[in-house]
Amino acid sequence: MWSEIIRVVSKQQHFILTTHANLDLDALGSELALDEYLRSLGKEVSILNSDSVPRSLRFVDPERRLRTFSPSRHQSKIQRAEVIFVLDASDGWERVGRIGRALAARAESLQDRATAICIDHHPDPADFAHLTVVNPAAAATAELIFDLITHAGGVLTPSIARWLYLGILTDTGSFRFPKTNLHTHQIAARLIEAGVDPTQLYKEVYEQHPLQLVRLKGYVLNSLQVGGNGQVAWCALDQATLKAFGVSAADLDGFPGLAMQIGGVRVSLLCVGTAKGRVKISLRSDGSVAVNGLAAQLGGGGHPSAAGATVEGDLAQVTAQLVARIEALLEVRP
Ligand code: 5GP
Ligand code: MN
């Protein structure tokens, strides 16, 4: 499945890499690893994302390769692109945020269009790219980038190994989510052979938080509500609380799954009021029920056991309605 992509890569010179809005380390690690590999072949590569890198993830990009899309600054670059890689996002051009429209125009241009290549591990891909590799069994897009680079005969440099490991570490919840399998661990072993220090990377991701973020975690744990016969746990976090703790909504990685620590909880819900007055919904499940269908009904998506969406509405109302829908999904009484 990689040969066609490898053939396109060998023929072209100008590349753009992008990913979904609400950046995470699988998205960024996959981009940075592919960027370094392509540049090792002498290609000209730009990573352009709709969102800027949240403070908590900036450590991943010491050389500042990641750029936030600006229509005026990047239009000529997009015009020159011959290949556009869309990583960790297969829901279509809207999923990549503000830059989506400009990239879609370049990929759909009647004369001399760029080749759009989608590589992702989310289920139910949209038909928007010219070449698509989507494997929902992969625990992270970084696993697929590992496969691509190794199939192409690329070298796993220490930095490529580090970025791919960070993607896998975080998207598997430290090797514990249901998609973690033998292949995931085999890849991790290859990355450790290539120079990754698992303890060091764990510390960089999970043990460098500001005090206020850890205190906010305590607040969320204290505010958890449990219903549906003990099978649903939820928390609503408003902007005022985020402001009081000095934490941004982009830095809440790991929070949606906190309630899964409670025995008997099958679905956990975190609703966060955003700065734009919307509600960002995060759903997690223990694997006994798929929550991505519910997220898709709300205009979002995701994996069976980790999904999300952003909706308009009042935080408390959205939360209450969702709890009711989850209880219906689980066929439990409130
Ligand atoms: P999180 O709750 O951590 O933001 O996201 C969990 C999962 O749901 C991720 O796989 C993410 O890609 C997916 N997800 C979250 N929000 C959205 C959304 O608005 N649209 C889509 N398609 N997927 C989302
Ligand atoms: Mn991912």
Side-chain angles (χ1 to χ4, degrees), residues 18-34 49-51 54 56-57 60 85-98 100 118-126 128 133-147 163-173 177-180 184 187 220 234-235 237 248-260 267-272 274 276 278-285 290-312 318 322 326:
T18 195
T19 186
H20 52 77
N22 296 321
L23 297 167
D24 61 30
L25 279 178
D26 187 29
L28 299 181
S30 296
E31 287 184 323
L32 288 161
L34 184 58
N49 295 325
S50 292
D51 286 357
S56 58
L57 303 186
V60 79
F85 273 101
V86 181
L87 306 181
D88 202 38
S90 50
D91 267 12
W93 291 112
E94 314 81 62
R95 178 76 180 122
V96 302
R98 293 181 300 121
C118 172
I119 301 177
D120 188 22
H121 68 131
H122 290 89
D124 310 319
F128 72 106
V133 173
V134 169
N135 179 4
T141 294
E143 279 191 8
L144 302 174
I145 301 299
F146 172 93
D147 287 343
W163 284 315
L164 295 179
Y165 189 92
L166 285 170
I168 294 168
L169 175 72
T170 51
D171 252 34
T172 58
F177 294 156
K179 287 185 191 176
T180 310
T184 314
I187 292 174
V220 168
W234 67 93
C235 176
L237 203 49
S248 114
D251 290 329
L252 299 179
D253 191 46
F255 279 56
L258 285 173
M260 298 309 296
V267 174
S268 152
L269 165 70
L270 178 68
C271 291
V272 180
T274 74
K276 290 178 185 154
R278 304 204 287 176
V279 181
K280 184 175 184 307
I281 296 159
S282 286
L283 292 156
R284 299 292 183 269
S285 117
V291 288
N292 51 347
L294 184 50
Q297 285 168 24
L298 301 165
H303 307 280
S305 47
T310 300
V311 299
E312 305 288 338
V318 167
L322 262 169
I326 295 164

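For ligands, and for the atoms within them, numbers begin at 1 and follow the listed sequence.
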* How about D24 and D88: do any of their side-chain heavy atoms sit closer than 4.5 Å? -> yes
* How far is atom 7 (C) of ligand 1 from its nearest protein heavy atom, and which residue and atom is that? -> A306 O, 3.3 Å
* To do: May I ask you to check if ligand 1 and H122 share an N or O to N or O distance below 3.5 Å?
  => yes
* Atoms of ligand 1 close to K280 [distance to a heavy atom under 4.0 angstrom, numbered from 1] -> 1 (P), 4 (O)
* **Criterion side-chain contact (heavy atoms from CB on, under 4.5 Å) against I119, the qualifying member of V134, N135, L87** => L87
* Structure fact -> Contacts of S56 meeting side chain to side chain donor-acceptor pair (under 3.5 Å) (sequence neighbours excluded), chain-then-number -> D251
* Asked: Which protein heavy atom lies closest to atom 11 (C) of ligand 1, and at what distance to 0.1 Å?
  -> R95 NH2, 3.6 Å
* Asked: Is it true that atom CG of D253 has more than 12 heavy atoms of other residues, nucleotides or ligands lying nearer than 6.0 Å?
  -> no
* To do: Just jot down the ligand 1 atoms closer than 4.0 angstrom to any heavy atom of A309, in number order.
  => 16 (N), 19 (O)
* To do: Name the closest protein heavy atom to atom 13 (C) of ligand 1, giving the residue it belongs to and the distance to 0.1 Å.
  => G301 O, 3.5 Å
* Asked: Please walk me through it: do I187 and L164 pass side-chain contact (heavy atoms from CB on, under 4.5 Å)?
  -> CA-CA 9 Å; I187 292 174; L164 295 179; 6.0 Å; no
* Identify, by atom number and element, the atoms of ligand 1 in contact range of H303, meaning under 4.0 Å from any of its heavy atoms. => 10 (O)
* For H122 and N292, test the side chains for any donor-to-acceptor distance below 3.5 angstrom and give the result as yes or no. => no
* Can you list the atoms of ligand 1 that are under 4.0 Å from a heavy atom of G302? -> 8 (O), 13 (C), 23 (N)
* What closest approach, in Å, do E143 and I168 show between heavy atoms, and which atom pair accounts for it? -> CG-CD1, 3.9 Å
* **Per-atom contacts of ligand 1 with S282, taking only distances under 4.0 Å to non-hydrogen atoms** => 1 (P), 2 (O), 4 (O)
* To do: Decide yes or no for V86 and W93: does some side-chain heavy atom of the first lie under 4.5 Å from some side-chain heavy atom of the second?
  => yes
* For the Mn ion (ligand 2): protein N/O/S atoms at distances below 2.8 Å -> 4
* Asked: With a 4.5 Å heavy-atom cut-off, do L294 and L322 have their side chains touching?
  -> yes
* To do: Tell me, please: is H20 in heavy-atom contact with ligand 1, that is, under 4.0 Å?
  => no
* To do: Write out the residue and atom name of the closest protein heavy atom to atom 3 (O) of ligand 1, then the distance separating them to 0.1 Å.
  => R284 NH2, 2.7 Å
* Taking the side chain from D51 and the backbone from A21, do they hold a donor-acceptor pair closer than 3.5 Å? -> no
* Structure fact -> Numbered in order shown, the ligand 1 atoms found under 4.0 Å of a heavy atom of D91 are 21 (C), 22 (N)
* To do: Decide whether an N or O pair under 3.5 Å exists between G308 and ligand 1.
  => yes
* To do: Sort out for me which residue in D26, T141, N49 forms a side-chain contact (heavy atoms from CB on, under 4.5 Å) with E31.
  => N49
* Structure fact -> Rounded to the nearest 0.5 angstrom, the OG-NE2 distance for S50 and H20 is 11.5 Å
